[in-house]
Amino acid sequence: MLFARVFRAVCLAAALVASGVLAGCTLTPVYGDAAMSSQSLALHYAEPETRQEQLVYRTLSSRLGPDRADAPQFSAQVSSSPTRIGLSDVSGPITDNQLTITITYLVVADGESIASGTRSATVGYRTTGQIVADDAARAAAEEQAIGAAAATIRLALLADLQAR
């Protein structure tokens with residue numbers, strides 16, 4: 001009985017000391033909204049030629065900061081590659097597909113390339129033979145893949161350009 005009381009007292013004391021030591025500590029997610037909003041980068045986005053390019057520019061400007069005319073120019077070319085998933089040619093009501101989006105980007109300052117690269121993302125989606133639903137599923141997959149590829153471009157740009 002005495003041992004149990006002493007053990008509880010020691011545990012309580014250890015918990016109080018630990019809470020005092022850790023009182024000033026906070027946790028912040030690396031990839032959360034707070035981390036994204038604190039990392040900005042001045043860029044001037046090229047005029048989009050396609051809806052896909054517009055989605056890339058919109059995604060990046062929302063995460064890196066608004067378009068600035070006096071900043072290096074960011075331009076992107078987007079391509080998509082849809083494929084059907086599966087080995088069977090048996091037709092059924094549901095077909096599994098995947099869409100790969102590839103974004104090739106270039107950042108130019110004073111006529112000189114300061115960053116460039118290619119990033120891709122693949123997203124799966126299903127079609128059922130209903131035209132409107134199939135188009136909506138493909139559009140949603142396209143937006144999701146563009147968002148994922150643009151997120152990797154954001155990280156690459158932060159790594160390449162923040163040191164400048």
Spacing of CG belonging to D135 relative to CD belonging to Q130, to within rounding of 0.5 Å: 11.5 Å
From R138 atom CZ to D134 atom CG, the distance as rounded to the nearest 0.5 Å: 11.0 Å
Using the side-chain hydrogen bond (donor to acceptor under 3.5 Å, both in side chains) criterion, which residues pair with D96? Sequence neighbours excluded. R126
When you look at CD of E49, are more than 12 heavy atoms from neighbouring residues, nucleotides or ligands closer to it than 6.0 Å? no
Using the side-chain hydrogen bond (donor to acceptor under 3.5 Å, both in side chains) rule, collect all pairs that involve residues 140-151, keeping only residues at least two apart or in two chains. R51-E142, R51-E143, Q52-E142
Find the distance between CG (L158) and CZ (R63) and round it off to the nearest 0.5 Å. 11.5 Å
Between T100 and S120, does a side-chain hydrogen bond (donor to acceptor under 3.5 Å, both in side chains) hold up when you go through it step by step? CA-CA 7 Å; T100 301; S120 297; over 6 Å; no
Tightest non-hydrogen contact, residues L99 and A141, listed as CD2-C, 4.1 Å
I'd like to know if the side chain of T127 pairs up with that of N97 as donor and acceptor (distance under 3.5 Å, no hydrogens or angles considered). yes
So, using side-chain contact (heavy atoms from CB on, under 4.5 Å) as the criterion, who are the partners of A109 when residues are at least two apart? P72, I114
Given the rule that I, L, V, M, F, W and Y join up when any side-chain heavy atoms are under 4.5 Å apart, are L55 and V78 in one cluster? yes
Can you see which heavy atom on H44 is nearest to which on A71, and at what distance? CB-O, 3.7 Å
Please answer: with hydrophobic residues joined when any side-chain heavy atoms are less than 4.5 Å apart, are I153 and V123 in the same cluster? no
When rounded to the nearest 0.5 angstrom, what distance separates CG in D67 from CZ in R58? 15.0 Å
Sequence-distant partners of D70, side-chain hydrogen bond (donor to acceptor under 3.5 Å, both in side chains), two or more places apart: R68
What closest approach, in Å, do Y45 and G65 show between heavy atoms, and which atom pair accounts for it? OH-O, 3.7 Å
My understanding is that only residues two or more places apart in sequence, or in another chain, count here; which of them pass side-chain hydrogen bond (donor to acceptor under 3.5 Å, both in side chains) with T152? none
If you define the side chain from C-beta out and look only at heavy atoms, does anything of Y125 sit under 4.5 Å from P82? yes
Apply side chain to side chain contact (heavy atoms under 4.5 Å, CB included) to S61 and F74, showing your working. CA-CA 11 Å; S61 67; F74 176 89; over 6 Å; no
Between L64 and R154, is the side chain to side chain contact (heavy atoms under 4.5 Å, CB included) condition met? List the steps. CA-CA 7 Å; L64 291 175; R154 179 186 71 86; 3.5 Å; yes
Distance-minimising heavy-atom pair for A46 and Q73: CB-NE2, 3.3 Å
Measure the CD1-CZ distance between I101 and R119 for me, rounded to the nearest 0.5 Å. 16.0 Å
Side-chain hydrophobic cluster, 4.5 Å single linkage: members besides V108: L106
If you look at every heavy atom in A115 and L161, which pair is closest and at what distance? CB-CD2, 4.0 Å
Once you round to the nearest 0.5 Å, how far does CG of L60 lie from OH of Y105? 10.0 Å
